[in-house]
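Please read the structure below before turning to the comments.
These values consider heavy atoms only, across backbone and side chains, with no hydrogens, waters or symmetry-generated copies. We number each residue from 1, following the sequence as shown.
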Amino acid sequence: QVQLVESGGGLVQAGGSLRISCSASGRTSSSPAMGWFRQVPGKEREFVAAISWRSIFTYYADSVKGRFTISRDNAKNTVYLQMNGLKPEDTAVYYCGAGRTIVRASVGYDYWGQGTQVTVSS
């Protein structure tokens, strides 16, 4: 089992920056790949970014490429999502997931956190 807890969400103005974190505990070695997804009411969970165990591979959704950066600190069992140039359309609940391999599909992640709200005002 892996437990995930997101933090760092909040309200920010368009053009601003925010860094959200995901702290993992439990058998993290069994699910080394980490991903960030986001969801708004009435829509499916949308892939944002993913990172492999040693940070060799990173994937980004086209909508956030060049603005968001995913990183991780394995010594702290924490994954980060640095979000710059935020837009109102980035408003969503952001979830982190843990899985065995780095993929863009949410079904590829076995464990999820409870989410953190990010709201971008225009």
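- Asn74 places a side-chain N or O within donor-acceptor distance of the main-chain N or O of Trp53, the cut-off being under 3.5 Å.
- Put simply, Ile102 and Leu81 are part of two different groups of oily side chains (I, L, V, M, F, W, Y) that touch within less than 4.5 Å, one to the next.
- A pairwise comparison of heavy atoms in Ala14 and Pro88 identifies CB-CD, 4.1 Å as the closest pair.
- Looking at Glu6, its side chain never comes within 3.5 Å of a backbone N or O of Ile20 through a donor-acceptor pair.
- For the atom pair OG of Ser52 and CE of Met34, the computed distance is 12.0 Å after rounding to the nearest 0.5 Å.
- With rounding to the nearest 0.5 angstrom, the CD atom of Gln13 is 5.0 Å from the OG atom of Ser121.
- Considering every non-hydrogen atom in both Val118 and Gly9, the closest pair reads CG2-CA, 4.2 Å.
- In plain terms, the two heavy atoms of Leu4 and Ala24 that are nearest each other are CD2-CB, 3.6 Å.
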For Glu46 and Ser63: C-alpha separation, side-chain torsions, deciding distance, then whether side chain to side chain contact (heavy atoms under 4.5 Å, CB included) applies. CA-CA 11 Å; Glu46 173 191 29; Ser63 59; 4.2 Å; yes
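- Tyr95 and Val2 fall into different hydrophobic clusters, where Ile, Leu, Val, Met, Phe, Trp and Tyr are joined by side-chain heavy atoms under 4.5 Å apart, directly or via other members.
- Residues Val93 and Gly115 approach most closely at CG1-CA, 3.8 Å, considering heavy atoms.
- In this structure, Thr69 OG1 and Tyr60 OH are separated by 4.5 Å, a value rounded to the nearest 0.5 Å.
- Nearest approach of Ser30 to Arg100, heavy atoms of both residues: O-CG, 3.4 Å.
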Applying side chain to side chain contact (heavy atoms under 4.5 Å, CB included), run through Gln117 and Leu11 and close with a yes or a no. CA-CA 8 Å; Gln117 176 72 46; Leu11 174 65; over 6 Å; no
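- For the pairing with Asp90, the side-chain contact (heavy atoms from CB on, under 4.5 Å) check across Thr119, Val48, Val120 returns one residue only, Val120.
- Under a hydrophobic clustering in which Ile, Leu, Val, Met, Phe, Trp and Tyr are joined whenever their side-chain heavy atoms come within less than 4.5 Å, directly or via other members, Phe47 and Val79 fall into different clusters.
- Of the inter-residue distances, the one linking Gln82 atom CD with Ser21 atom OG reads 9.5 Å to the nearest 0.5 angstrom.
- Linking ILVMFWY side-chain heavy atoms closer than 4.5 Å, directly or via other members, places Tyr80 and Leu86 in two distinct hydrophobic clusters.
- Distance OG/Ser106 to CH2/Trp112: 5.5 Å, rounded to 0.5 Å.
- Summarising the local packing, CD of Gln114 is surrounded by more than 12 heavy atoms from other residues, nucleotides or ligands at distances under 6.0 Å.
- The nearest pair of heavy atoms linking Ala50 to Val103 is CB-O, 4.0 Å.
- The aromatic ring centroids of Tyr109 and Phe37 lie less than 6.0 Å from each other.
- In this structure, CZ on Phe57 lies 12.0 Å from OG1 on Thr101, to the nearest 0.5 angstrom.
- A continuous path of hydrophobic side-chain contacts links Tyr94 to Leu18 [ILVMFWY only; heavy atoms under 4.5 Å].
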